[in-house]
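One structure is given here, and the rest of the page talks about it.
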Amino acid sequence: MPEILEVEAARRVIEARALGRKVVEVVAPDAWYLKRGLVAPELEAVLPGRAFTAARRRGKLLLVDTTKRGPVLGLHLGMSGRVVVDGEAAGDPLIYASNRDVEAWHRFGVRFADGGALWLRDPRRLGAVELDPDEERLGPDAFDLTRQELVGLTTRSRAPIKALLMDQSRIAGLGNLLTDEALWRAGVDPARPALALNAEEVGTLYRSIRQTLRTLGRRGGSHMGDMPRAIDAPCPRDGTPLVRRTVGGRTTFSCPLHQR
DNA sequence: GATGACCTGTGA
DNA sequence: TCACAGGTCATC
């Protein structure tokens with residue numbers, strides 16, 4: 001997705017612009033987009049007449065609370081989803097995805113009594129809408145991750161460190177780009193087994209994750225890393241041509257010299 | 001834990 | 001026509 005930074009941008013847009021407005025209509029034309037048994041009539045039964053009271057987030061999962069003890073609306077952005085409120089999209093345009101505003105890509109939305117609307121626009125249809133999502137399937141949010149939690153995770157897993165960082169049940173929010181950038185900054189090979197990292201390396205990685213979230217958040221999104229995502233591009237740190245591999249099932253760029 | 005599936009748009 | 005895409009899920 002949209003990784004944690006983009007989802008946070010979406011959360012802020014909902015918080016700033018969509019709270020306290022009465023919902024009068026649900027538009028859910030894509031049954032496939034509704035998950036965990038949810039069907040459009042159920043949304044139409046519970047959302048109109050209510051308003052959103054808070055926009056929360058855990059990892060990449062958006063959680064929107066509703067009035068009158070209503071359900072929690074869960075929104076996933078998938079690989080290409082964006083939240084649009086009254087025509088304003090959250091965050092920077094996505095790379096690797098179309099940002100055109102095509103009506104057919106509006107997979108879910110609500111119209112407000114004042115005439116505005118909130119849309120989830122998603123060309124690839126890999127996002128999702130659900131009610132009362134199970135937040136416990138997700139690990140601690142990446143922004144709240146403690147150093148001790150990361151130490152605990154790494155000592156218990158033989159998975160490549162990159163796969164561990166992207167496992168949403170262990171840490172919620174890190175995706176392909178943020179993970180590559182954090183590992184590049186930490187000087188850690190994405191394919192190293194997690195439990196092979198020593199205490200010092202885990203400490204360095206922890207600081208890199210925090211720094212990556214802070215810095216890329218300030219710059220505008222997950223795509224604003226310092227490491228180029230291109231084969232043979234020179235590593236900005238030491239000039240070595242970067243390599244591309246598949247690690248944890250995802251395209252992975254890294255510096256073969258300083259990431260060990 | 002690695003792999004492929006899901007879906008669709010874009011650019012080479 | 002093909003490879004590839006910031007995610008997640010089921011399956012071997």
Side-chain angles (χ1 to χ4, degrees), chain A residues 1-11 29-37 57-62 74-83 89-108 120-130 133-135 137-139 142 153-154 156-184 190-196 209 212-213 216-217 219-231 244-253:
Chain A
M1 316 187 174
E3 304 184 35
I4 192 170
L5 301 176
E6 289 70 29
V7 180
E8 173 61 14
R11 190 199 68 75
D30 188 349
W32 191 85
Y33 209 77
L34 310 179
K35 297 298 156 68
R36 290 169 206 273
R57 183 189 56 69
R58 178 144 167 184
K60 306 173 194 174
L61 174 64
L62 276 170
L75 305 175
H76 276 100
L77 303 185
M79 292 277 271
S80 60
R82 298 186 79 185
V83 167
D92 279 13
L94 296 173
I95 58 172
Y96 311 133
S98 175
N99 293 279
R100 290 182 296 132
D101 191 7
V102 174
E103 188 81 12
W105 297 342
H106 290 189
R107 310 297 178 187
F108 168 80
L120 210 171
R121 186 210 303 159
D122 181 6
R124 287 180 66 185
R125 296 173 74 210
L126 290 171
V129 174
E130 58 184 312
D134 172 22
E135 302 178 39
R137 66 182 193 249
L138 298 170
L153 289 171
T154 53
R156 273 186 278 110
S157 175
R158 299 182 26 141
I161 184 63
K162 171 164 178 172
L164 181 145
L165 294 178
M166 290 201 309
D167 180 343
Q168 302 299 298
S169 71
R170 293 185 164 112
I171 303 169
L174 301 181
N176 201 30
L177 301 190
L178 290 173
T179 303
D180 273 7
E181 176 76 9
L183 288 165
W184 176 81
R192 285 265 302 284
L195 50 66
I209 291 169
T212 298
L213 289 173
L216 274 54
R219 292 180 187 171
S222 311
H223 59 299
M224 297 299 289
D226 288 336
M227 184 191 69
R229 300 188 66 78
I231 298 172
R244 185 174 82 173
R245 289 173 290 171
T246 297
V247 178
R250 307 299 300 279
T251 296
T252 300
F253 289 93

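Naming convention: chains lettered A, B, ... in sequence-line order (proteins, then strands); numbering from 1 in each chain. Computed from heavy atoms alone, side chains included, the values below leave out hydrogens, waters and symmetry copies. What you see is a predicted model; the values in this text were computed from it and never measured.
Applying the 4.0 Å criterion to OP1 and OP2 of dT8(C), one finds that Lys35(A) has every side-chain N and O outside that range. Contact annotation: Arg121(A) side-chain N/O to dT8(B) OP1/OP2 distance is not under 4.0 Å.
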Taking Watson-Crick (N1-N3 plus N6-O4 or O6-N4) and G-U wobble (N1-O2, O6-N3), each under 3.5 Å, can you produce the dot-bracket string of DNA chain C? Use [ ] for crossing pairs and | for inter-strand ones.
|||||.||||||
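Qualifying salt bridge (charged side-chain N to carboxylate O under 4.0 Å, His left out) partners for Arg125(A), counting only residues two or more places apart in sequence or in other chains: Asp30(A). Scanning for side-chain contact (heavy atoms from CB on, under 4.5 Å) contacts around Arg158(A) gives Leu195(A), with sequence neighbours left out. Every salt bridge (charged side-chain N to carboxylate O under 4.0 Å, His left out) that Arg36(A) has, sequence neighbours left out, goes to Glu130(A). In this view, Pro228(A) and Ala233(A), Pro236(A), Leu242(A) satisfy the side-chain contact (heavy atoms from CB on, under 4.5 Å) rule, not counting sequence neighbours. Partners of Ala182(A) under the side-chain contact (heavy atoms from CB on, under 4.5 Å) rule, at least two apart in sequence or in another chain, are Ile209(A), Thr212(A). In this view, Arg245(A) and Asp189(A) satisfy the salt bridge (charged side-chain N to carboxylate O under 4.0 Å, His left out) rule, not counting sequence neighbours. Taking the side-chain contact (heavy atoms from CB on, under 4.5 Å) definition, one finds that Asp167(A) meets it with Ser169(A), Arg170(A), sequence neighbours left out. Here Arg11(A) pairs with Glu8(A), Glu15(A) under the salt bridge (charged side-chain N to carboxylate O under 4.0 Å, His left out) rule; sequence neighbours left out.
Using a 4.0 Å heavy-atom criterion, one finds that Arg250(A) contacts the bases of the nucleic acid, with or without backbone contacts as well.
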Set out, line by line, the N/O atom pairs under 3.5 Å between protein and nucleotides 3-7 of chain B.
| residue | atom | partner | partner atom | Å |
| --- | --- | --- | --- | --- |
| dC7(B) | O3' | Arg125(A) | NH1 | 2.9 |
| dC7(B) | O2 | Arg124(A) | O | 3.2 |
| dC7(B) | O2 | Arg124(A) | NE | 3.3 |
| dC7(B) | N3 | Arg124(A) | NH2 | 3.3 |

Write down the protein N/O and nucleotide N/O pairs, taken from nucleotides 10-12 of chain B, whose separation is under 3.5 Å; answer none if there are no such pairs.
| residue | atom | partner | partner atom | Å |
| --- | --- | --- | --- | --- |
| dT10(B) | OP1 | Ser98(A) | OG | 2.9 |
| dT10(B) | OP1 | Arg100(A) | NE | 3.0 |
| dT10(B) | OP1 | Arg100(A) | NH2 | 2.7 |
| dT10(B) | OP2 | Arg100(A) | NH2 | 3.0 |

Which protein N or O atoms sit under 3.5 Å from an N or O of nucleotides 1-4 of chain C?
| residue | atom | partner | partner atom | Å |
| --- | --- | --- | --- | --- |
| dC4(C) | OP1 | Arg244(A) | NH2 | 2.8 |

